[in-house]
Amino acid sequence: MFRKYVDDGAPLLVWDGGEEGAGSEGFTIDPAVCISPTCPCREMQLGVRRIAGGAAGTVVEGAGPTVWVPFDIDKGEIVVPEGAKGDETAGPRIDALRAALKPVHVGHLRERWRRVKGQQRPDEWRDQDWSKIDLEVMVPYFDVFPSAWDLSAEHGGRRFWVMDYWCLVPGCGCNELRADVMGERGGSVGFVRVEAEGWKVVEVEGDRVAGEIWEALAADAHDRRMLEKRRLSMLRVARELPAFLGSSVASRRRGAAGAVGRNEPCPCGSGKKFKRCCGE
């Protein structure tokens with residue numbers, strides 16, 4: 001479930017010879033993807049800029065403007081002809097980039113293209129294999145909308161990733177979510193239970209720093225808007241899911257309800273008693 005990719009606006013770095021270091025040269029690539037839901041295009045635009053590597057992993061920008069070139073998703077290569085629009089350095093720059101691009105870079109660009117295209121489809125959730133999604137517990141957002149960007153936050157000079165889980169019980173009034181906070185290597189730091197109104201931490205399981213990382217995430221205006229969009233998306237899925245899956249989801253819910261006492265924890269994972277959550 002852990003994804004080591006986040007759309008934080010940082011460009012892709014590609015180094016000549018594959019290694020970064022003082023005196024090395026390479027490129028920054030800012031990929032741009034068409035977001036028209038009806039456009040059948042199979043390419044993206046790459047904003048390419050020559051750079052040099054400085055001391056301690058810093059990047060020293062080189063001279064000259066950014067050159068925009070088309071990248072063919074299916075072929076996995078730059079398809080622009082030599083030379084470009086009045087920039088006499090474009091041809092040599094593009095040739096060097098072609099030589100420096102490795103399969104890992106092509107994979108990154110294709111993944112970005114796929115996810116941007118997927119985000120233009122609000123009904124992406126209908127394409128998932130719902131037989132493999134456990135509806136008796138809170139469901140990871142990425143199980144439902146796999147093209148969405150990752151959630152991440154900076155804390156103590158390090159980046160952490162956040163996996164958000166939501167209740168998909170139609171009409172459930174729990175109004176909470178759970179979040180698994182993960183470190184750079186993918187291991188869990190701790191879980192937080194969060195109230196979706198105000199995004200306040202209700203409970204922390206594991207290292208208390210997990211709560212601080214969530215608070216750093218929720219304090220960012222862009223991330224708060226993303227969280228609200230995710231909340232509304234999951235509410236819509238919960239509302240439409242019974243009709244989409246037919247009797248199967250209803251029978252699974254009835255089976256769960258029959259096995260849970262009213263004073264026992266709700267199987268959706270909210271942390272509340274069943275009678276105060278999905279059993280209302």
Side-chain angles (χ1 to χ4, degrees), residues 1-10 12 57 108 111-112 114-116 118-119 124-125 128 132-169 172-238 265-273 276-278:
M1 294 304 300
F2 180 68
R3 291 168 168 81
K4 190 65 178 294
Y5 179 71
V6 59
D7 182 45
D8 58 1
L12 174 66
H108 176 100
E111 172 69 358
R112 167 131 184 169
R114 183 193 66 77
R115 292 178 78 165
V116 171
Q119 289 167 21
E124 184 186 28
W125 64 272
Q128 310 318 311
K132 297 181 180 179
I133 298 177
D134 187 356
L135 295 175
E136 315 305 343
V137 296
M138 282 189 160
V139 178
Y141 189 81
F142 280 121
D143 280 6
V144 183
F145 294 98
S147 294
W149 299 132
D150 299 344
L151 296 174
S152 71
E154 294 280 348
H155 183 78
R158 297 171 57 198
R159 183 181 292 279
F160 294 84
W161 277 260
V162 179
M163 180 75 74
D164 49 332
Y165 295 71
W166 303 81
C167 174
L168 285 182
V169 178
C172 178
C174 65
N175 199 33
E176 292 183 351
L177 69 144
R178 285 170 59 88
D180 184 8
V181 179
M182 296 171 288
E184 295 175 345
R185 298 181 180 274
S188 179
V189 175
F191 278 87
V192 293
R193 187 159 57 93
V194 178
E195 182 181 330
E197 291 184 3
W199 310 110
K200 299 296 184 181
V201 174
V202 177
E203 182 183 12
V204 177
E205 302 173 18
D207 195 321
R208 64 181 178 82
V209 75
E212 298 173 2
I213 294 166
W214 173 268
E215 290 171 354
L217 175 75
D220 183 88
H222 174 270
D223 289 334
R224 287 174 70 93
R225 289 193 296 271
M226 185 179 295
L227 287 169
E228 180 62 16
K229 181 179 180 181
R230 290 159 94 100
R231 183 183 75 86
L232 294 176
S233 295
M234 292 300 264
L235 285 174
R236 182 172 62 86
V237 172
C266 186
C268 79
S270 68
K272 291 185 177 182
K273 291 183 179 180
R276 301 291 186 190
C277 189
C278 300

Taking all non-hydrogen atoms of both residues, which atom of Ala196 and which atom of Arg231 are closest, and how far apart?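 Heavy-atom minimum between the residues: CB-CD, 3.6 Å.
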Non-hydrogen atoms of Gly118 and Ser147 that approach each other most closely: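 Reported closest heavy-atom pair: CA-OG, 3.5 Å.
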Is the charged tip of Arg230 near the ring of Phe142: under 6.0 Å from the six-membered ring centre and within 45° of its axis?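 Relative to the ring axis of Phe142, which defines the angle, Arg230 lies inside both limits.
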Could you walk me through whether Met234 and Val144 pass the side chain to side chain contact (heavy atoms under 4.5 Å, CB included) check? CA-CA 8 Å; Met234 292 300 264; Val144 183; 3.7 Å; yes
Is the CZ atom of Arg208 crowded by more than 12 outside heavy atoms at less than 6.0 Å?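 Not buried by this count: 12 neighbours or fewer within 6.0 Å.
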Is there a side-chain contact between [X] and [Y] (heavy atoms, below 4.5 Å)?
X      : Y      : answer
Asp180 : Trp161 : no
Gln128 : Asp143 : no
Leu177 : Trp199 : yes
Glu205 : Arg178 : yes

CG/Leu151 to CG/Asp223 distance, rounded to the nearest 0.5 angstrom?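 Here the interatomic distance stands at 6.5 Å.
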Could you go step by step and tell me if Phe160 and Arg158 meet the side chain to side chain contact (heavy atoms under 4.5 Å, CB included) rule? CA-CA 7 Å; Phe160 294 84; Arg158 297 171 57 198; 3.8 Å; yes
Taking only residues two or more places apart in sequence or in another chain, which ones pass side-chain hydrogen bond (donor to acceptor under 3.5 Å, both in side chains) with Arg224?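 side-chain hydrogen bond (donor to acceptor under 3.5 Å, both in side chains) check on Arg224 returns nothing, list empty.
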